[in-house]
Amino acid sequence: MAEMRPNAFPQPKLEPEPQLSAPVQPQQRPSTSAAPSPSSRLQEQLMYKNRLQEYAQRSAIQLPMYKTVNEGSQHAPKFRSTVVVDGQIYTSSNTFLQRKIAEQDVSKLALEHISKKIKDEICPLTTLICENTVFCKSILNEFAVKMNLQKPIYNTVQREGLPPVFISSLVFNGVCYNGEPGRNKKEAEQLAARVVILSHLGESGSGIILSEIIKSKGKLYAALHKVKDRSHANISAVPQGPSIRAMEVAIPGASSSQAVNLQSGFVPVDLPEPLIVGPSSSKKRQKNQEEADKKLQYDTQLSLAALPMTQAPPSSLA
């Protein structure tokens with residue numbers, strides 16, 4: 001008799017139960033607006049002093065002068081810095097453990113005040129440039145010379161149609177600028193130059209140089225207008241001559257009480273102009289004056305003869 005062994009028959013394989021897994025969390029992407037590193041902050045702080053020095057060089061003024069004092073002790077220093085730029089004194093309100101950081105802080109303070117000064121001056125200068133475009137090309141050329149840049153290159157085209165319209169574009173410091181339409185080529189180029197000027201007025205370094213150029217051109221423009229106004233005033237003040245309403249012409253050979261009242265509008269014909277001669281020709285001057293008097297008397301007699309007689313001649317007594 002056969003012996004029964006356990007597990008002699010094949011047993012069905014059981015499938016393992018699926019285990020519940022935790023939900024997959026989405027991967028977070030690194031943010032692009034990461035906070036600046038301490039090294040970049042330090043580099044930015046160290047740029048204020050350089051920027052202030054560049055501003056002084058571009059403005060053709062004296063370089064900044066720093067004075068830093070330690071208000072603390074040797075073991076716990078507290079440095080406060082002062083800088084003088086273009087006659088203005090700026091003092092930092094903070095103290096620092098290092099001298100360099102104190103100078104950078106006061107440089108930042110000076111740059112902020114200078115930028116505010118530029119913005120306050122921009123408004124009247126912008127109005128001047130927008131109202132008068134006569135000197136825009138001249139201002140831009142002088143600005144390019146002071147900044148050691150190449151002078152602008154203009155490209156002006158005329159659009160078809162009536163009235164003619166001109167549009168100008170220029171390249172300045174590697175950047176292309178387009179101006180507004182103008183009535184002629186000269187006006188279109190002035191408008192293109194104005195676009196460049198307005199774009200550079202807000203800068204801290206070049207804006208100061210540009211504002212000084214605009215001020216000098218503005219003074220010249222005002223002086224030219226004063227001269228023009230004076231010339232117009234002098235022309236209008238020249239007397240045009242009184243209107244001749246009536247003239248009394250003495251008759252040669254008659255008494256002083258006898259005179260003829262000429263009608264309005266009578267002007268002796270061919271009145272001689274005074275002759276300008278030298279002092280040595282007195283006889284010639286006297287001779288010319290006598291001839292002029294004779295001619296005037298002759299012309300007067302002719303005019304009197306042409307007038308109608310309003311009075312009867314006095315009758316002789318028998």
| Residues two or more places apart in sequence or in another chain: which of them pass ring-ring contact (aromatic ring centres under 6.0 Å, His included) with F96? | none
| request: Taking all non-hydrogen atoms of both residues into account, name the closest pair between Y154 and K137 and its distance. | output: OH-CG, 3.6 Å
| said: Quick check for you: to the nearest 0.5 Å, what is the distance between I213 atom CD1 and I139 atom CD1? | reply: 7.5 Å
| message | Quick check for you: to the nearest 0.5 Å, what is the distance between S107 atom OG and M47 atom CE? | response | 12.5 Å
| Is the shortest heavy-atom distance from the side chain of V85 to the side chain of I61 under 4.5 Å? | yes
| message | Quick one: does any side-chain atom of R194 pair with a main-chain N or O of T133 as donor and acceptor, under 3.5 Å? | response | no
| Any chance the side chains of S168 and K185 put a donor and an acceptor closer than 3.5 Å? | no
| query | Can you tell me if S73 uses its side chain to pair, donor with acceptor, with the backbone of A76 under 3.5 Å? | reply | yes
| field | Under 3.5 Å: donor-acceptor pair, side chain of D105, backbone of I101 | value | no
| message | Once side chain to side chain donor-acceptor pair (under 3.5 Å) is applied, what residue pairs with a partner in residues 143-152 remain, sequence neighbours excluded? | response | none
| said: If hydrophobic clusters are built from ILVMFWY residues whose side chains come within less than 4.5 Å, do V84 and L63 share one? | reply: no
| Close side-chain approach of L52 and I114, heavy atoms under 4.5 Å | yes
| message | Set out, in order, the CA-CA distance, both residues' side-chain angles and the distance that settles side-chain contact (heavy atoms from CB on, under 4.5 Å) for E103 and Y48, then state yes or no. | response | CA-CA 9 Å; E103 293 178 354; Y48 293 119; over 6 Å; no
| query | Do T68 and R80 have side chains that get closer than 4.5 Å, going by heavy atoms? | reply | no
| query | Roughly how far, to the nearest 0.5 Å, is the CD1 atom of I197 from the CZ atom of F172? | reply | 9.0 Å
| Point-to-point distance, once rounded to the nearest 0.5 Å, from OH of Y55 to OG of S115 | 9.0 Å
| request: Heavy atoms only: give me the nearest Q98-F79 pair and the separation to one decimal. | output: C-CD1, 3.8 Å
| request: Measure the shortest side-chain to side-chain distance between I89 and T82 over non-hydrogen atoms and say whether it is less than 4.5 angstrom. | output: yes
| request: Could you tell me the separation between the OG1 atom of T156 and the CD1 atom of I167, rounded to the nearest 0.5 Å? | output: 10.0 Å
| Side chain of Q190, backbone of V134: donor and acceptor closer than 3.5 Å? | yes
| request: Nearest 0.5 Å please: distance from the CG atom of D86 over to the CD atom of Q62. | output: 9.5 Å
| task | Decide yes or no for N141 and P152: does some side-chain heavy atom of the first lie under 4.5 Å from some side-chain heavy atom of the second? | result | yes
| query | Is any side-chain N of the basic residue among K78 and E71 closer than 4.0 Å to the acidic one's carboxylate O? | reply | no
| message | Between R51 and L111 (side chain of the first, backbone of the second, donor and acceptor by atom type, cut-off under 3.5 Å), is there such a pair? | response | no
| With under 30° as parallel and over 60° as perpendicular, where do the rings of H200 and Y177 fit, or are they tilted in between? | tilted
| query | Shared ILVMFWY cluster between V195 and I153, side chains joined below 4.5 angstrom? | reply | no
| query | Considering all heavy atoms of both residues, which atom of Y66 and which atom of K49 are nearest to each other, and what is their separation? | reply | OH-CG, 3.3 Å
| said: If you count heavy atoms of other groups shown closer than 6.0 angstrom to CD of E291, is the number above 12? | reply: yes
| query | Side-chain heavy atoms under 4.5 angstrom apart, residues restricted to Ile, Leu, Val, Met, Phe, Trp, Tyr: same cluster for L191 and I214? | reply | no
| query | Sub-3.5 Å donor-acceptor pair from the side chain of E142 to the main-chain atoms of S138, do we have one? | reply | no
| note | Between N70 and P77 the two heavy atoms that sit nearest each other are OD1-CA, 3.4 Å
| message | Taking L198 as the starting point, is it possible to reach V171 by hopping between hydrophobic residues whose side chains are less than 4.5 Å apart? | response | no
| message | Are V196 and L149 connected into the same hydrophobic cluster when the rule is that any two of I, L, V, M, F, W, Y join if their side-chain heavy atoms are below 4.5 Å apart? | response | yes
| Do Q88 and H113 have side chains that get closer than 4.5 Å, going by heavy atoms? | no
